[in-house]
2 protein chains.
Amino acid sequence: MSHTVGIRQVQKQKTRQALLDAALALLEEQSLSSLGLREVTRAVGVAPTAFYRHFRSTADLGVALVEEALGSLHRMVRSTVTAADSSDERIHRAVELIARHVDAYPAHVRFIARERHGGVQSVREAIRGQLGRFAEEVRDELAQDPEARGWSEDDLLMLSHLYVDQMLATSSLFLEALDGPESERERITRLATRQMRLISIGRRHWLD
Amino acid sequence: MSHTVGIRQVQKQKTRQALLDAALALLEEQSLSSLGLREVTRAVGVAPTAFYRHFRSTADLGVALVEEALGSLHRMVRSTVTAADSSDERIHRAVELIARHVDAYPAHVRFIARERHGGVQSVREAIRGQLGRFAEEVRDELAQDPEARGWSEDDLLMLSHLYVDQMLATSSLFLEALDGPESERERITRLATRQMRLISIGRRHWLD
DNA sequence: AATTACAGAGAACAGTTGTTAACTGGATGA
DNA sequence: TCATCCAGTTAACAACTGTTCTCTGTAATT
């Protein structure tokens, strides 16, 4: 059993990552279902056939991109939700956290938003699975909050999905405003903050 | 000025509609950005060049599809929101209205969900514009409700967007469960009903 | 009845696509 | 040192793409 890296494996991983990066960049202006294998290899500078050493198809590459993109979202989601409990101050910080995440990983956010309902089934399923896991994590997080006293597991999961969906919707809004004026970004921040606040209010009075 | 229909114009409209229908069907398994002009004409049974008599490109056809798809959604949105004011009974009926709409126009719902964040800019913009108009309509509807007393126009629009997004998210869930078991559809109904209820609770206590 | 307008057909174009097969050369392991 | 492995290359394939130009037949207009 050799866990030695090896020049060879390193090179392969490097090429693989280059393919993923190139694909992600190309997906800024199209959907995965129209992404061609030759298009990706051309962008990287390798022969078309080299693609098969790493992925079975572009759909397969898409599934790999889901892991990568949601890996970066992963950390953000936890921070967001644990911050989104109640106080206006914390909600506002959560929204700004989302904004900063979109600034840092716009291509990842775009990919998830685009392919969540996109034309490639395996990718849709991968995203759905990952988001489902997110929602479960969020539920466990929420369960530890004193405000969750008396809530059923099912209701907590219902709320988690609401939070996750709201976070993605907000991310998408920030994404569209990436190259826009700062005023637009502020408008979105105010909008998202109030929506989050309304949900929090509903949460607080759920058991009334 | 002749507003006579004319055999010729009728035929043209018929072909145009056939192109739209064929495209919508083909888009069940792919995104608009990968939809080919030849693919559509082949499905209809006309020459590829006939396409240009009706649309400049497939993106152009996509914009036309937005009008058609959101026309059917139009009626549903109004019914849903006017019913989603408060009582559990009315909320439940609103969710079932969504479910029935998805049953009736699955291809339309799929198209909007898929292309809202899809790879074709002009189509994204068309959808965004239409949904924005929806939200404004909903706001006007909400404004007439006694519960909206003391609400600012801006807050009403914030709530409208929350309703519209929630409606689309629910539609998408029902769509994925179209060929699934009835139990799954019931699960979604319960989930969406509770989410809508939580939002309504937040709405009721917004001015506290 | 003669002329015009125009939806659709047909053929051809250069360029693209995914996939197969056989090959090369340098890292790997015995 | 030598045989093996394997990431990436090269060449070729049939099939497909969007777009142009020319043509046809018939409805609409005069």
Side-chain angles (χ1 to χ4, degrees), chain A residues 1-65 118-123, chain B residues 1-23 25-27 29-65 118-123:
Chain A
M1 57 176 71
S2 67
H3 45 79
T4 43
V5 275
I7 297 179
R8 208 162 195 173
Q9 294 190 39
V10 170
Q11 246 312 315
K12 183 171 184 182
Q13 288 304 313
K14 209 173 273 185
T15 306
R16 184 189 138 98
Q17 191 58 47
L19 289 170
L20 288 169
D21 293 348
L24 199 59
L26 289 166
L27 286 173
E28 182 166 347
E29 294 169 333
Q30 61 182 317
S31 307
L32 184 62
S33 82
S34 65
L35 182 69
L37 147 182
R38 294 184 98 107
E39 198 177 354
V40 178
T41 56
R42 195 187 312 129
V44 172
V46 299
T49 47
F51 186 92
Y52 292 108
R53 299 286 177 196
H54 303 274
F55 307 102
R56 222 180 286 269
S57 63
T58 51
D60 193 25
L61 178 146
V63 172
L65 271 180
V120 182
Q121 188 176 32
S122 57
V123 171
Chain B
M1 58 176 71
S2 68
H3 44 78
T4 44
V5 276
I7 297 181
R8 206 157 196 176
Q9 294 189 38
V10 170
Q11 245 313 315
K12 183 171 184 181
Q13 288 303 314
K14 207 172 277 186
T15 306
R16 185 188 137 100
Q17 191 58 46
L19 289 170
L20 288 169
D21 292 348
L26 289 166
L27 285 173
E29 296 170 332
Q30 60 182 317
S31 306
L32 184 63
S33 82
S34 65
L35 183 70
L37 150 180
R38 295 184 99 107
E39 198 178 354
V40 178
T41 56
R42 194 186 312 130
V44 172
V46 299
T49 47
F51 186 91
Y52 292 107
R53 299 286 177 195
H54 303 275
F55 307 103
R56 221 179 289 269
S57 62
T58 51
D60 194 26
L61 177 146
V63 172
L65 271 181
V120 182
Q121 187 174 34
S122 57
V123 171

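Just so it is clear: chains get the letters A, B, ... in the order the sequence lines come, proteins before strands, and each one is counted from 1.
Proximity note for H54(A) (side chain, C-beta onward) versus dT20(C), dG8(D), dC6(C): the nearest is dG8(D). When each of dT9(D), dT19(C), dG18(D) is scored by its nearest atom to the side-chain atoms of L37(B), the top-ranked nucleotide is dG18(D). Residue R8(A) has its side chain nearest to dT28(C) when only dT9(D), dG25(D), dT28(C) are considered. Here the nucleotide nearest the side chain of R38(A), chosen from dG8(C), dT17(C), dC6(D), is dT17(C). The side chain of I7(A) has dA27(C) as its nearest neighbour among dA27(C), dA7(C), dT19(C). The listed nucleotides are dT9(D), dT20(D), dA7(D); the one nearest the side chain of A50(A) is dT9(D).
Going from atom CZ of R16(A) over to atom P of dG8(D) covers 12 Å, rounded to whole Å.
For dT17(C), the OP1/OP2 oxygens have a side-chain nitrogen or oxygen of R42(A) closer than 4.0 Å. OP1 or OP2 of dG8(C) lies within a sub-4.0 Å distance of a side-chain N or O belonging to T15(B).
Within 3.5 Å, no donor on the side chain of T49(B) pairs with an acceptor on the base of dT19(D), nor the reverse.
Among the heavy atoms of the strands, none lies under 4.0 Å from F51(B).
For the residue pair S34(B) and S34(A), no side-chain donor N or O sits within less than 3.5 Å of a side-chain acceptor on the partner.
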